[in-house]
Undergrad: 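I am attaching a structure below and will ask some questions about it afterwards.
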Amino acid sequence: MIRDPKDIKRYNASERVNHWIVGISFILLALSGLAFFHPAFFPLTQLFGGPVWTRILHPYAGVLMAVAFLIIFIRFFRLNLMGKKDFEWLAKARNMVDGNDHDMPEQGKYNGGQKVLFWSLGVCMLLMSVSGILMWRAWFHFPVELVRVAVVVHAACGAVMIGLILVHVYAAIWVKGTIRAMWYGTVTRAWARQHHRGWYRQITGK
Amino acid sequence: MALQSLDIQRRSATTTPQPGSRQPIEVAKLIDVTTCIGCKACQVACSEWNDIREEVGSNIGVYDNPTDLSAHAWTVMRFTETEAHGRLEWLIRKDGCMHCADPGCLKACPSPGAIIQYKNGIVDFHQENCIGCGYCVTGCPFNVPRLSREDGKAYKCSLCSDRVAVGQEPACVKTCPTGAISFGSKEDMKDIAATRIDDLRRRGFDKAGLYDPEGVGGTHVMYVLHHADEPALYANLPANPAISPMVSIWKGVAKPLATLALAGVALGSLFHYVMKGPNEISKETEDEIDAEDRREREDKEAAQ
Ligand code: HEM
Ligand code: SF4
């Protein structure tokens, strides 16, 4: 469905579906993982058909997410390589958070903050997948010393990741006109021009 | 199985106090390794009383049978031949849950009420609350709990909590033909051990002693060893068992703190929105886009 022929395409359908698979599996993983994280969250097991089902399902959702994330990672890593402009942006990020984005350096398709998030998530996903496999007693029997490291890594990275995703989601809500990029794949020219001027120029030639 | 006649000291994944108005005495099982003849009557009594039967395995050239603890074998005799002291010694240790005062299994368990420590010291798995994650295996410093392949629950020695609750001794104790296993208050068991250790020392075992490791706060299953200075001789009995520091970090204050931090991030975002407002397209950018459109239209008209 085309809303305004002048809107700019940011994501194609397959990229959007890919992102939603990662997003949904992440939410399921975070809720089911938190249930084991601390007794305060144990009631979350009721969302998954009880505590035993939560324990059974969580790692499979993990496998789904790991595969979907790997694909998204391969698709986008080139666009997320860091450059000088990104560090300049990061140095000024405080102004932006303060509500003043007037003198932010020009950004390509992704800004420095988004790129840092991308790489942090990449590292976390790798650590989560490896440690998750080490802990998965339904299938594997790794030496207990290794499993003891894995449970610490899994719990710590899980908490960090949930924090990162909260920021990611909030950023999308805060910057108006962003969420539609994940619904129907387009953004307005004004949005692109304001937040990703370099990318806007590249797409429109202006 | 909840035993209402036993008060509770600790309950897994539970942060509020447990019923504990009664003051039962601390019990212990004392295994005198120096008196054990390795007949495995205790193994049989255990499988009889608890109605568990390990599949018949095959002989691997030593007396160990079954060769390891399992969901169907909560105690096994571990046989070691050693010449560490200049002559052949045949050391036989009855392995199973030590019923730690500070149990790593219970500390690690994420499921409320799956592991109970009674006030008398017995650590019991309540399989109906077990979710099968295997965290108890990760937490135990003695490599005791076993996940069942059939039902996905963790099992281990219950110290016959059901018998003890009604004033009986555990099945293994009842059956031991040499009297190598005793059961009673922990104080009494220490006394019996002291007498036996004196005896052993007089007979040349000058390193004889009691195994009641401090690192886990003491245990409610204790051994009399001829070589208490070398527990590893007895099929790798750990010299200084303790809950792994990794497990303590994993289950420590970092988690409630991380939870608060996450709540902080969520609330921080909300208040940021409330205080700074949404990041909308500026009037300036909108005007620029309009100007672009106008120029484009004019160009088109001029071309016509
Ligand atoms: C990438 C693949 C993943 C695999 C294979 C995996 C596997 C596991 C396993 C086996 C457990 C133990 C409980 C159980 O057996 O179900 C666990 C616990 C947990 N998982 Fe995952 N997981 C993965 C990803 C994630 C993600 C993305 C999160 C989200 C934040 C997460 C959060 C947690 C948490 C918080 C725990 C509890 C840790 C604790 O007990 O302290 N996991 N995971
Ligand atoms: S020996 Fe292992 S299973 Fe037994 S109480 Fe100690 S930690 Fe728990």
Side-chain angles (χ1 to χ4, degrees), chain A residues 6 34-42 45 50-56 58 96-102 135-138 141 144-145 147-156 158-160 162-164 166-167 169-171 173-178 188-191 193-195 197 204 206, chain B residues 12-16 108 110-112 114 129-135 137-141 143 147 152-154 244-251 254-259 261-262 264-266 268-270 272-273 275-282 284-290 292-293 295-296:
Chain A
K6 287 190 169 159
L34 280 175
F36 307 126
F37 184 80
H38 190 273
F41 298 115
F42 196 76
T45 55
V52 180
W53 275 116
T54 310
R55 183 272 299 170
I56 294 172
H58 174 96
M96 166 118 189
V97 174
D98 250 1
N100 170 20
D101 62 353
H102 285 296
M135 294 160 71
W136 199 356
R137 294 205 182 262
H141 299 275
V144 71
E145 292 79 12
V147 177
R148 284 177 186 151
V149 176
V151 290
V152 174
V153 169
H154 204 78
V160 168
I162 292 172
L164 290 173
L166 284 174
V167 172
V169 170
Y170 175 64
I173 296 173
W174 180 50
V175 180
K176 293 298 155 193
T178 304
T188 63
R189 282 180 303 152
W191 185 94
R193 189 182 166 102
Q194 173 149 333
H195 303 298
R197 193 139 194 172
T204 60
K206 284 177 187 129
Chain B
S12 56
T14 305
T15 45
T16 48
S111 183
N129 295 328
C130 174
I131 63 173
C133 62
Y135 283 10
V137 183
T138 307
C140 175
N143 182 22
L147 277 177
K153 308 289 183 191
S244 154
M246 279 293 157
V247 174
S248 302
I249 295 171
W250 176 36
K251 293 286 162 172
K255 275 181 164 173
L257 292 181
T259 303
L262 288 177
V265 172
S269 303
L270 177 75
H272 179 264
Y273 200 83
M275 294 192 318
K276 302 286 175 185
N279 182 346
E280 283 169 322
I281 306 296
S282 65
E284 202 182 323
T285 309
E286 258 163 22
D287 290 348
E288 282 167 9
I289 295 282
D290 285 348
E292 259 179 29
D293 282 350
R295 236 175 294 128
E296 215 168 274

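Everything quoted here is computed from the prediction, not taken from an experiment. So you know, we letter chains A, B, ... as the sequences are listed, proteins then strands, and number each from 1.
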Undergrad: Non-hydrogen atoms of chain B under 4.5 Å away: do they reach the side chain of A:Arg55, the backbone, both or neither?
TA: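 Side chain only.
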Undergrad: Against chain B, label A:Phe36 side chain, backbone, both or neither, depending on which of its atoms sit under 4.5 Å from a heavy atom there.
TA: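 Both backbone and side chain.
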Undergrad: Could you walk me through whether B:Glu288 and A:Arg197 pass the salt bridge (Lys or Arg N to Asp or Glu O under 4.0 Å) test, one step at a time?
TA: CA-CA 12 Å; B:Glu288 282 167 9; A:Arg197 193 139 194 172; 3.6 Å; yes
Undergrad: Hey, which of B:Pro278, B:Ser269, B:Gly132, B:Gly134 has the most heavy atom pairs under 4.5 Å with chain A?
TA: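 The residue among B:Pro278, B:Ser269, B:Gly132, B:Gly134 with the greatest pair count is B:Ser269.
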Undergrad: Out of B:Ala266, B:Pro112, B:Ser12, B:Ala254, which one racks up the most heavy-atom pairs below 4.5 Å with chain A?
TA: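 Counting heavy-atom pairs under 4.5 Å, the top option is B:Pro112.
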Undergrad: For chain A, which candidate among B:Asn143, B:Thr15, B:Thr259, B:Val247 shows the most heavy-atom pairs at distances under 4.5 Å?
TA: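 Between B:Asn143, B:Thr15, B:Thr259, B:Val247, the count favours B:Thr259.
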Undergrad: What part of B:Ile281 lies closer than 4.5 angstrom to a heavy atom of chain A: side chain, backbone, both or neither?
TA: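 It is both, since atoms from each part get that close.
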Undergrad: Let's go through A:Arg137 and B:Thr138 carefully: what are the C-alpha distance in whole Å and the side-chain angles of both, what is the deciding distance for side chain to side chain donor-acceptor pair (under 3.5 Å) to 0.1 Å, and is it a yes or a no?
TA: CA-CA 10 Å; A:Arg137 294 205 182 262; B:Thr138 307; 2.8 Å; yes
Undergrad: Which atom names give the shortest non-hydrogen contact between B:Gly139 and B:Ala108, and what distance separates them?
TA: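 What the structure gives for the nearest pair is CA-CB, 4.0 Å.
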Undergrad: Using non-hydrogen atoms and a 4.5 Å limit, figure out which bit of B:Lys255 sits close to chain A: side chain, backbone, both or neither.
TA: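 For B:Lys255, heavy atoms of backbone and side chain both lie under 4.5 Å from chain A.
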Undergrad: Among B:Glu286, B:Met246, B:His272, which residue forms the greatest number of heavy-atom pairs with chain A at distances under 4.5 Å?
TA: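 Maximum pair count with chain A is reached by B:His272.
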Undergrad: Identify which part of A:Ala155 has an atom lying under 4.5 Å from any heavy atom of chain B, answering side chain, backbone, both or neither.
TA: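 It is the side chain, since no backbone atom gets that close.
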Undergrad: Does B:Glu296 have any side chain to side chain donor-acceptor pair (under 3.5 Å) partners at least two apart in sequence or in another chain, and if so, which?
TA: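 So B:Glu296 forms a side chain to side chain donor-acceptor pair (under 3.5 Å) with A:Lys6, A:Lys206.
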Undergrad: Atom CD1 of A:Ile173 and atom OH of B:Tyr273: how far apart are they, to the nearest 0.5 Å?
TA: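 If we round to the nearest 0.5 Å, A:Ile173:CD1 and B:Tyr273:OH are 8.0 Å apart.
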Undergrad: With sequence neighbours left out, what residues match A:Arg189 under side chain to side chain donor-acceptor pair (under 3.5 Å)?
TA: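 Partners of A:Arg189 by the side chain to side chain donor-acceptor pair (under 3.5 Å) criterion, ordered by chain and then number, come out as B:Asp293.
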Undergrad: Might you point out which heavy atoms bring A:Ala35 and A:Thr45 nearest each other, and give the distance in Å?
TA: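 What the structure gives for the nearest pair is CB-CG2, 3.6 Å.
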Undergrad: Please identify, among A:Val52, A:Val151, A:Val152, the residue contributing the most non-hydrogen atom pairs under 4.5 Å to chain B.
TA: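 Ranked by contacts with chain B, first place is A:Val151.
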Undergrad: Check whether A:Ala156 gets within reach of chain B through its side chain, its backbone, both or neither, counting any heavy atom under 4.5 Å.
TA: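 Interface part for A:Ala156: neither.
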Undergrad: Given that the side chain runs from C-beta out, which part of A:Asp101 has a heavy atom under 4.5 Å from chain B: side chain, backbone, both or neither?
TA: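 For A:Asp101, the contact with chain B is made by the side chain alone.
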Undergrad: Would you mind telling me which of A:Val144, A:Val97, A:Thr54 has the largest number of heavy-atom pairs within less than 4.5 Å of chain B?
TA: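 Result: the option with the highest number of such pairs is A:Val97.
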Undergrad: Of the non-hydrogen atoms in B:Ile131 and B:Pro110, which two are nearest, and what is the gap between them?
TA: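 Nearest heavy atoms, B:Ile131 then B:Pro110: CD1-CG, 4.1 Å.
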Undergrad: Counting only non-hydrogen atoms closer than 4.5 Å, does A:His58 touch chain B with its backbone (N, CA, C, O), its side chain (CB onward), both, or neither?
TA: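 Neither part.
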Undergrad: Please name the pair of heavy atoms, one in B:Ala13 and one in A:Pro39, separated by the smallest distance, quoted to 0.1 Å.
TA: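 Taking every non-hydrogen atom into account, O-CB, 3.3 Å.
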Undergrad: For A:Val169, is it the side chain, the backbone, both, or neither that has a heavy atom closer than 4.5 Å to a heavy atom of chain B?
TA: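 The answer is neither part of A:Val169.
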Undergrad: Against chain B, label A:His154 side chain, backbone, both or neither, depending on which of its atoms sit under 4.5 Å from a heavy atom there.
TA: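 No part of A:His154 comes within 4.5 Å of chain B.
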Undergrad: Are A:His195 and B:Asn279 packed together at the side-chain level, in the sense that at least one heavy-atom pair is separated by less than 4.5 angstrom?
TA: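 Yes, side chains in contact.
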Undergrad: Count the heavy-atom pairs under 4.5 Å between each of A:Phe42, A:Trp136, A:Trp53, A:Trp174 and chain B, then report the option with the highest count.
TA: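 With the most close heavy-atom pairs to chain B, the winner is A:Trp174.
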Undergrad: Can A:Phe37 and B:Trp250 be said to form a ring-ring contact (aromatic ring centres under 6.0 Å, His included), step by step?
TA: CA-CA 9 Å; A:Phe37 184 80; B:Trp250 176 36; 10.0 Å; no
